[in-house]
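None of the values given here were measured: they were computed from a predicted structure.
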Amino acid sequence: MTAVAPIIPIASEPVLVRATCPHDCPDTCALLVTVKEGIATEVRGDPDHPTTAGVLCTKVSRYTERTYHQQRLLHPMKRVGHKGEGKFVQISWDEALTTIAARLQEIVQKDPRAILPYSYAGTMGLVQGESMSMRFFNRIGASLLDRTICASAGGTGYRYTLGTRLGTDTEHVQNASLIILWGGNPIASNLHFWMRVQEAKRRGAKIIAIDPYRSLSADKCHQHIALLPGTDAALALGIMHVLIKEDLLDKDYISRHTLGFEALQQRAAEWPPERVAEICGITVAEVEGLARDYGSAAQRGEITMIRANYGLQRVRGGGMAVRNIACLPALVGAWRKAGGGMQLSTSDSFPKNTQFLQRPDLAGRHGLPPRTINMSTIGDDLLRPTSAEFGPRIEAMIVYNANPVAVAPESAKVVAGFAREDVFTVVLEHFQTDTADYADILLPATTQLEHVDVHSTYGHVYMMANNAAIAPLGEAKSNAEIFRLLAAHMGFEEACFRDSDDDIAAQAFDRNHPRAADFDWQKLKETGWQRLNIAAAPFADGGFGTPSGKCEFYSANMLADGYDPLPTYIPPYESRDSNPDLAAKYPLAMISPPARNFLNSSFVNVQSLRDTEGEPHLDIHPDDAAERGIINGATVRIFNDRGSMLAKARVTPKARVGLVVGLSIWWKKFAADGKNANEVTSQRLTDMGKAPTFYDVLVEVEAYTIPV
């Protein structure tokens with residue numbers, strides 16, 4: 001490894017500092033930050049890190065532009081206008097902390113559950129993400145937040161089947177001869193996995209994309225299967241049917257390492273390709289060809305892998321869809337070899353010391369029954385009155401690492417909730433986001449270059465360190481420091497509120513677990529990254545984390561939890577088949593996957609990246625456009641009963657017939673009509689995991705003339 005400085009350098013000559021990308025991306029890149037005279041001048045990828053390999057996405061390669069952005073929040077502020085106007089005046093840290101503590105103490109005396117934290121993955125760090133903040137909210141007795149807005153549906157289905165979210169090691173993907181990209185666009189959201197896919201392709205591998213939209217990645221695959229949104233579970237059942245019927249199975253692996261094959265065989269018999277093709281909106285040949293490609297490659301002894309991503313699970317049956325797909329590698333024995341099997345997430349690889357990080361033992365001192373609020377239903381929940389069923393009305397929100405006004409579904413209700421003058425709202429932020437406009441107190445947070453953190457990942461198996469490269473700009477403070485100060489102002493005396501960021505990082509992983517037995521924080525700060533002690537092929541000889549220790553085609557746990565214990569198909573809430581009356585009114589399915597130059601709602605305010613994206617646009621198939629008199633470049637209105645938004649039409653066959661695609665997520669303040677795709681999304685939750693259904697949406701689209 002390159003020798004670099006682990007601490008903040010103050011020197012006239014450039015110095016390199018080891019850091020880690022903090023954003024919600026499976027790549028979790030190792031960074032090298034060049035610093036001269038206390039100024040970060042460049043951020044680049046670590047060429048020695050096996051996953052990063054010296055390459056960064058366009059967004060993070062411009063991280064200094066974000067850190068030194070002219071609109072960075074650098075001082076505490078308090079609101080002086082109406083909520084949503086975004087009018088603030090500067091105040092001192094003492095005034096901000098005293099004001100917050102006084103208001104929270106007042107609410108705690110009545111019912112602390114009226115206080116709600118709202119956070120997610122603005123940083124994925126274990127220190128600045130959910131350590132000191134969770135200690136604080138547990139100590140208060142605040143409502144819990146169901147942080148399920150991304151991947152909990154698929155994670156739940158995957159765990160029912162395999163017992164843990166372990167999977168294919170990214171470092172071996174280039175050795176596969178068949179790679180299926182299912183429900184993702186890795187060029188935009190998983191670049192370093194895509195690099196391995198491209199290497200496999202150069203070596204002769206066949207690459208197949210399964211996605212309703214012909215994304216940048218799908219466009220570069222050998223085959224693209226454009227199924228209807230929400231029908232992935234049916235396609236997986238069709239693959240099972242063909243594999244079993246044509247005996248494209250690894251019977252030895254099935255007999256030794258799976259449970260319930262006979263029952264699965266009967267279920268799969270109900271899903272012939274003809275039925276599957278009708279539901280999915282594809283051809284019988286596509287169903288049969290995909291199954292034969294997959295099964296035949298495995299029978300030839302070749303490595304086959306499936307990269308299942310998050311797009312396919314953001315529908316009503318998203319958990320079951322991932323569960324069905326997770327059965328496929330065991331049927332063909334794909335787990336036998338490194339690089340084979342399936343990857344959804346590697347997050348369960350990391351033995352995080354959650355009890356130490358979050359201190360759940362601090363909760364419960366108020367003697368009140370706990371309350372959990374789902375982050376995807378925040379629109380409804382902010383508008384609920386006090387009731388026996390719901391509990392106390394929400395009176396205070398502390399938002400950090402999140403931008404719910406832009407990101408949460410059914411946005412009109414979210415805005416109405418945040419606009420309540422009687423909800424005391426504190427926002428920790430880098431910039432004045434859509435959510436920050438509704439804050440009563442706005443606190444300046446540090447960026448990744450300005451604080452210490454330690455990271456797990458969900459796309460590779462390296463523990464990662466982030467050293468502070470520069471001093472905090474202005475009066476910005478790290479999330480952990482802000483909650484330490486709030487704890488002091490609240491009078492909390494527990495020793496855990498005096499832990500430094502380094503103290504927390506040093507115990508973030510459980511060193512009693514064999515995977516992290518060699519973890520040493522000081523060493524990790526110096527090296528930047530360290531591989532877990534984990535096998536390259538985790539299920540080569542079985543060893544699944546289920547009760548049976550096997551891949552469970554039949555899951556007794558699912559039955560006990562009220563689900564079908566076998567793979568099945570759960571249709572979308574909103575589709576032509578499941579809701580024909582709604583489809584007659586709103587005939588187009590809509591999905592809103594990430595734009596390449598944004599990451600959720602991060603980076604939208606970076607001018608160079610926003611300029612690259614242009615403006616909010618909607619991809620629509622030529623047939624659907626012609627039917628509505630829509631021409632390329634025209635302004636269109638996208639609407640349903642929940643709301644509407646405007647966008648520029650891009651007439652393109654990349655969107656299949658019956659589908660429109662609005663790449664997201666735009667800050668509302670940068671859209672001409674002040675709206676984004678979440679105006680039309682629903683607060684309904686998935687079949688399992690209580691996750692959102694962002695891609696389970698029907699809309700209509702019409703040409704729109706902007707009033708002069």
Side-chain angles (χ1 to χ4, degrees), residues 182-185 209-215 218-219 223-235 238 273-287 290 311-318 321 569-593 617-632 634 636-645 647-664 677 679-682 684 693-704:
W182 202 321
N185 179 15
I210 302 172
D211 194 322
Y213 177 59
R214 192 170 184 83
S215 67
D219 200 44
Q223 183 181 6
H224 172 217
I225 299 174
L227 77 178
L228 288 165
T231 63
D232 306 85
L235 179 55
E274 293 77 13
R275 180 185 181 190
V276 171
E278 174 64 24
I279 289 172
C280 295
I282 58 179
T283 66
V284 171
E286 286 175 309
V287 179
L290 177 62
L312 70 95
Q313 58 185 289
R314 290 174 177 158
V315 295
R316 179 189 178 194
Y569 169 60
I570 301 172
Y573 290 113
E574 301 185 11
S575 73
R576 66 183 185 188
D577 294 330
S578 63
N579 198 333
D581 291 341
L582 186 67
K585 188 176 181 182
Y586 302 116
L588 298 172
M590 180 175 173
I591 60 174
S592 48
H617 49 256
L618 186 82
D619 287 1
I620 183 170
H621 190 275
D623 292 353
D624 293 323
E627 184 179 335
R628 291 161 177 80
I630 294 169
I631 61 173
N632 191 59
V636 294
R637 175 175 174 260
I638 305 103
F639 63 97
N640 59 20
D641 291 340
R642 290 181 287 270
S644 67
M645 62 171 287
K648 193 75 71 175
R650 297 196 306 194
V651 179
T652 171
K654 289 184 176 181
R656 60 157 290 157
V657 171
L659 175 78
V660 292
V661 182
L663 300 180
S664 294
E679 298 293 328
V680 298
T681 55
S682 165
R684 286 174 171 151
T693 55
F694 287 119
Y695 300 168
D696 196 330
V697 177
L698 287 177
V699 300
E700 181 56 288
V701 179
E702 64 183 8
Y704 181 82

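- Between atom CD of residue Glu274 and atom OG1 of residue Thr283 there is a gap of 11.0 Å, rounded to the nearest 0.5 Å.
- The two atoms that bring Arg650 and Leu663 nearest to each other are NH2-CD1, 3.9 Å, heavy atoms only.
- Ala655 and Val661 make their closest contact through CB-CG2, 4.2 Å (heavy atoms, listed as atom of the first residue, atom of the second, distance).
- Taking the centre and axis of the six-membered ring of Tyr704, the NZ or CZ atom of Arg637 falls outside the cone set by 45° and 6.0 Å.
- Put simply, the side chain of Ser644 does not reach to within 4.5 Å of the side chain of Glu679, judged on heavy atoms.
- Of the options Thr681, Ile638, Asp641, a side chain to side chain contact (heavy atoms under 4.5 Å, CB included) to Val699 is made by Ile638 and by none of the others.
- Distance CG/Asp696 to OG/Ser575: 7.5 Å, rounded to 0.5 Å.
- For the atom pair OG of Ser664 and CE of Met645, the computed distance is 6.5 Å after rounding to the nearest 0.5 Å.
- A 4.5 Å side-chain heavy-atom check between Ile591 and Val697 finds every atom pair outside the cut-off.
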- Query: Between Val315 and Thr693, is a side chain to side chain contact (heavy atoms under 4.5 Å, CB included) present by the stated rule, with each step listed?
  - Reply: CA-CA 4 Å; Val315 295; Thr693 55; 5.6 Å; no
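- The CD atom of Gln223 sits 6.5 Å away from the CD atom of Glu286 when rounded to the nearest 0.5 Å.
- Here the closest heavy-atom approach between residue Glu574 and residue Leu698 is recorded as OE1-N, 2.8 Å.
- Counting heavy atoms from C-beta outward, Val651 and Ile631 have side chains that stay 4.5 Å or more apart.
- Separating the CG atom in Asn632 from the CG atom in Asp619 is a distance of 9.5 Å, to the nearest 0.5 Å.
- Side-chain atoms of His224 come within 3.5 Å of backbone N or O of Asp211 as a donor-acceptor pair.
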- Taking it one step at a time, do Tyr213 and Asn185 satisfy side chain to side chain contact (heavy atoms under 4.5 Å, CB included)? CA-CA 10 Å; Tyr213 177 59; Asn185 179 15; 5.9 Å; no
- Query: Going through the distances and angles, do Met590 and Asn640 end up as a side chain to side chain contact (heavy atoms under 4.5 Å, CB included)?
  - Reply: CA-CA 11 Å; Met590 180 175 173; Asn640 59 20; over 6 Å; no
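- Residues Asp577 and Pro571 are not in side-chain contact: their nearest non-hydrogen atoms beyond the backbone lie 4.5 Å or more apart.
- A distance-only check finds no donor-acceptor pair linking the side chain of Thr231 to the backbone of Ala234 [under 3.5 Å].
- Scanning all heavy atoms of the two residues, the minimum distance from Val636 to Ala649 falls at CG1-CB, 3.8 Å.
- For the pair Leu235 and Leu290, the minimum side-chain heavy-atom distance is below 4.5 Å.
- Around atom CD of Glu278, no more than 12 heavy atoms belonging to other residues, nucleotides or ligands sit under 6.0 Å away.
- Side-chain contact check for Arg642 versus Ser682: some heavy-atom pair is nearer than 4.5 Å.
- A side chain to side chain contact (heavy atoms under 4.5 Å, CB included) with Leu588 is found for one member of Asp624, Leu618, Leu659 and no other, namely Asp624.
- Nearest heavy atoms, Pro212 versus Ala226: O-CB, 3.9 Å.
- Minimum interatomic distance between Tyr573 and Arg684 (heavy atoms only, all atoms of both residues): CB-NH1, 3.4 Å.
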- Message: Using the rule given for side chain to side chain contact (heavy atoms under 4.5 Å, CB included), can you reason through Leu228 versus Arg656, listing the C-alpha separation, both sets of side-chain angles and the distance that settles it, and then say yes or no?
- Response: CA-CA 8 Å; Leu228 288 165; Arg656 60 157 290 157; 3.6 Å; yes
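- The CG atom of Leu312 sits 10.5 Å away from the OH atom of Tyr695 when rounded to the nearest 0.5 Å.
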